[in-house]
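Position 1 is the first residue of the sequence; numbering continues from there. What you see is a predicted model; the values in this text were computed from it and never measured.
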Amino acid sequence: MELRHLRYFCTVARELNFTRAAEKLNTVQPSLSQQIKDLEREVGVKLLERSNRKVELTEAGEVFLKEALLSLEHAERGVQLARQVAQIEKDNLDIGFVPVAEMKIFPYIMPNIRAHFPDLKAQFHSLTDAEQFAALRQGTIDIAFTRYPDTSSDFDSIKIFDEPLTLIVPRHADVADVPALSIKSFEGRDFVISDEQASPQLFSIIHEFFKKTGVKVNVVQHSTNILLNVNLVGMGVGWSLVPAYVIPLLGENILVKKTVEPLPMIGLYVSYRKDQKHQVIKLILKVLKEKFCLDLF
């Protein structure tokens, strides 16, 4: 039994007229009649009652019609999905990100992408949060990894995880041997703080933290990227609060110091356009769901 037999039968069942059905199918009536006879022979039952005046479905034909329509629907969906995958395999995927994604996200999603879509070319774009959301709207990136969600109705934004900030100080700081520092000991210290334009969420979290605790520090440098924070601390310029993912990047001239009181947390979000149908994004969400136990769907 072939799909064309099912299409022919469904058309005849819909028209209840062989002449009209043949016209719809761009075939001739004798050929159509023969195809229906072949189908009935294979099924083993009569599906249509024919006379000179009318064509009617038998009881078996009515049951068979429902299943035939479902089979054609599933076949069509299979064709569409296959075409989508084939198209995706030829496409690029443009990924926007903030630095934490390089260490905490890409090592998990990229092997899966390469395994399922070996011909896909992934392009990476290191952008600020605001730049990523603008690029999503413009369609120049397909997915974004940001420090805060966009509440626009254009996007779906999902929190992947929260990570704590951590205090780093120069190795030869006067507090080097103190097991855990009170936040009160931050008072009057020189600090390197992330720039508001470059890292608005991190800047806001730290600013609100100092405001809430009443601690006043001496900001000696605003840093435009997290590695500059690290390097300046290593050079003895001051202390800094950085996301915990930075710890593996620290050199021998930097110490991570525990604090008596908890430090703030900062989130990481994945965002994409609601109208996005890219199959690779579905795969990314699946990997993130499994790795970080997300309640996505």
Side-chain angles (χ1 to χ4, degrees), residues 1-95 109-123 139-143 153-156 272-290 296-297:
M1 186 184 305
E2 300 179 18
L3 286 176
R4 62 186 173 88
H5 290 119
L6 299 182
R7 278 193 286 268
Y8 286 0
F9 170 73
C10 290
T11 304
V12 173
R14 182 171 60 249
E15 299 295 330
L16 293 178
N17 183 290
F18 273 85
T19 301
R20 289 197 302 268
E23 291 174 354
K24 295 271 187 183
L25 294 165
N26 294 315
T27 189
V28 294
Q29 184 175 333
S31 175
L32 176 58
S33 296
Q34 186 59 51
Q35 297 291 338
I36 297 300
K37 288 179 182 178
D38 291 343
L39 176 62
E40 288 178 321
R41 188 179 304 111
E42 186 167 352
V43 175
V45 298
K46 199 168 186 178
L47 302 174
L48 295 166
E49 290 287 358
R50 310 165 181 80
S51 70
N52 292 332
R53 290 180 297 176
K54 63 180 180 179
V55 177
E56 291 182 322
L57 285 166
T58 65
E59 187 175 346
E62 290 179 354
V63 172
F64 186 78
L65 175 61
K66 293 178 182 179
E67 298 302 318
L69 288 170
L70 285 174
S71 296
L72 290 174
E73 182 181 334
H74 290 157
E76 179 60 27
R77 176 161 175 76
V79 169
Q80 292 174 356
L81 291 174
R83 287 173 177 170
Q84 287 178 11
V85 170
Q87 183 62 36
I88 288 169
E89 288 174 347
K90 299 175 183 177
D91 281 349
N92 293 338
L93 181 73
D94 288 278
I95 303 172
I109 66 173
M110 292 312 300
N112 282 275
I113 290 175
R114 283 192 288 268
H116 289 83
F117 302 96
D119 296 328
L120 181 119
K121 295 180 180 178
Q123 302 289 327
T140 53
I141 65 173
D142 302 299
I143 189 168
S153 60
D154 298 332
F155 306 134
D156 278 326
Y272 52 95
R273 294 185 303 276
K274 288 185 176 179
D275 62 358
Q276 177 60 260
K277 304 300 183 184
H278 213 305
Q279 295 297 311
V280 183
I281 290 180
K282 293 182 180 180
L283 174 63
I284 290 172
L285 295 177
K286 180 177 182 292
V287 174
L288 294 177
K289 173 185 172 71
E290 293 172 354
L296 300 183
F297 33 75

Any heavy-atom pair between the side chains of N17 and V55 that's under 4.5 Å?
no

Provide the full list of ring-ring contact (aromatic ring centres under 6.0 Å, His included) pairs with a residue in residues 36-57, sequence neighbours left out, each pair given once.
none

Nearest atoms (heavy-atom pairs only) where L25 meets L32:
CD1-CD1, 3.8 Å

Going by ring-ring contact (aromatic ring centres under 6.0 Å, His included), name the pairs with one or both residues in residues 24-45, residues two or more places apart or in two chains.
none

For residues 65-74, tabulate all N or O donor-acceptor pairs below 3.5 Å that involve a side-chain atom, not counting sequence neighbours.
residue, atom, partner, partner atom, Å
S71, OG, E67, O, 3.0
H74, ND1, L70, O, 3.4

Kindly write out the residues that satisfy salt bridge (charged side-chain N to carboxylate O under 4.0 Å, His left out) with K54, not counting sequence neighbours, or none if the list is empty.
E56

Student check: side-chain heavy atoms of D94 and T140 closer than 4.5 Å
no

Ignoring hydrogens and angles, state whether a donor on the side chain of E49 or T58 is under 3.5 Å from an acceptor on the partner side chain.
no

Check side-chain hydrogen bond (donor to acceptor under 3.5 Å, both in side chains) between R14 and all other residues, then give those that pass, not counting sequence neighbours.
none

Sort and list the pairs that fulfil salt bridge (charged side-chain N to carboxylate O under 4.0 Å, His left out) and have at least one residue in residues 28-44, not counting sequence neighbours.
D38-R41, E40-R50

Could you name each residue pair satisfying ring-ring contact (aromatic ring centres under 6.0 Å, His included) that touches residues 13-41, not counting sequence neighbours?
none

Identify, with sequence neighbours excluded, every residue that meets side-chain hydrogen bond (donor to acceptor under 3.5 Å, both in side chains) alongside E62.
none

I109 vs N112, test: side-chain contact (heavy atoms from CB on, under 4.5 Å). Steps then yes/no.
CA-CA 5 Å; I109 66 173; N112 282 275; 5.8 Å; no

CG on L6 to OG1 on T11, rounded to 0.5 Å
10.5 Å

Got L120 and N92 here, is their nearest side-chain heavy-atom distance under 4.5 Å?
no

G139 to R273 - nearest heavy-atom pair and separation:
CA-NH1, 3.7 Å

For the residue pair K46 and A60, what are the closest heavy atoms and their distance?
O-CB, 4.1 Å

Contacts of E290 meeting salt bridge (charged side-chain N to carboxylate O under 4.0 Å, His left out) (sequence neighbours excluded), chain-then-number -> K286

Please name all residues satisfying side-chain hydrogen bond (donor to acceptor under 3.5 Å, both in side chains) with D142, sequence neighbours left out, ordered by chain then number.
none

Rounding to 0.5 Å, atoms CD (Q34) and OH (Y8) come to a distance of 12.0 Å

Drop me the distance from I95's CD1 to I143's CD1, to the nearest 0.5 angstrom.
7.0 Å

Please enumerate all residues that pass side-chain hydrogen bond (donor to acceptor under 3.5 Å, both in side chains) together with Q123, with sequence neighbours excluded.
none

Heavy-atom check, side chain of I284 versus side chain of L93, under 4.5 Å:
yes

Supply the atom-to-atom distance Q29 CD to T19 OG1, rounded to the nearest 0.5 angstrom.
4.0 Å

As an exercise, state the distance from CD of E59 to CG of L57, rounded to the nearest 0.5 Å.
11.5 Å

Not counting sequence neighbours, list each pair that qualifies as a ring-ring contact (aromatic ring centres under 6.0 Å, His included) and has a residue in residues 22-70.
F9-F64

